[in-house]
Amino acid sequence: MIVTTDVEIENFKKAGKLAGEVLEATSKLVKVGISTGELDEFAEKMIRDAGCIPTFKGYRKFPATICVSINEEVVHGIPNRNRVLKDGDVISIDLGATFRVENGKKMDYIGDTALTVAVGEINPRLQKLLDDTQKSLYAGIKVCRAGATLDDIGGAIEDIAKENLYGIVRDYGGHGIGPNYHEDPLIFNYRTGSKVRLKPGMVIAIEPMFNQGGDRVRLKQDGWTVVTQDYKPSAHFEHSILVTEGEPIVLTQRPSEVI
Ligand code: MG
């Protein structure tokens, strides 16, 4: 969708701000011994207490508020009260907050955002994977303005992966955000030759996924969890962005995040 009115922009900002706040608060609970189910319950309560709706819950029958993906899991892991975090794990938390407006007809405004954090102590090489993936998200955001091509975004991200010899997940990527959540365009985290240009008023999610090993991923038997084929760890960061003629607006910037 193309956002045209100030009211629509405010509604997207409201959804995005909450998503950023919930992600930050949830990530602060990450510690050795907590279960991913507890993180999910916390995030759901915080979203609902703010009068919004967990975007993912029920989306294509996904059963939870957050996606939690640990170590070799890339994206879309399902939280569980029995899955307890261990020292040395890395965990990606991905969530969406929907601000629903109903006056006459229903309209949903969505903020979609993710980060990856360490549980306890992790080795410096793994920390660098996290840092570089976040850096690539910022590099993608930086080039994100009206007139830029999708390849400008993908290229900025790809360059950082290549420099550091990371695998880039190719089967998943960023996307437009509209009232039904995902919409066109798909935004790949590498160059595809795309000449599709960003327009002012587009809301898009940029979400690089880098692997310590190869590019390849596969779907687990639960039908949701995506893992690296070589079982090497993966990192994932995401923000929702409003494209303008000038600087992009990072809708899901977290309260303590400096971009
Ligand atoms: Mg997304």
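One-based numbering, in listed order, for ligands and for the atoms of each.
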May I ask you to check whether over 12 heavy atoms, not counting those of Glu163, lie within 6.0 Å of atom CD?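 Result for CD/Glu163: enclosed.
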Using only N, O or S atoms, tell me which atom of [X] is closest to the Mg ion (ligand 1).
{"X": "Glu238", "value": "OE2"}
{"X": "Glu207", "value": "OE2"}
{"X": "Asp112", "value": "OD2"}

May I ask whether Phe12 and Val243 are part of the same hydrophobic cluster, defined by side-chain heavy atoms of I, L, V, M, F, W, Y residues being less than 4.5 angstrom apart, directly or through others?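 Not linked; separate clusters.
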Do His76 and Phe62 have ring centres separated by under 6.0 Å?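 No, they do not, as the ring centres are separated by 6.0 Å or more.
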Any N/O/S atom, side chain or main chain, of His175 closer to the Mg ion (ligand 1) than 2.8 Å?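 His175 does place an N, O or S atom closer than 2.8 Å to the Mg ion (ligand 1).
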Using 2.8 Å as the threshold, say whether any N, O or S atom from Asp94 sits that close to the Mg ion (ligand 1).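 Short answer: no, not a single N, O or S atom is under the cut-off.
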All pairs passing salt bridge (Lys or Arg N to Asp or Glu O under 4.0 Å) where residues 214-230 contributes a residue, at least two apart: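 Non-adjacent pairs meeting salt bridge (Lys or Arg N to Asp or Glu O under 4.0 Å): Arg170-Asp215.
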Sequence neighbours excluded, which residues qualify as side-chain contact (heavy atoms from CB on, under 4.5 Å) partners of Glu21?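 Residues passing side-chain contact (heavy atoms from CB on, under 4.5 Å) with Glu21: Lys17, Leu18, Met46, Pro255.
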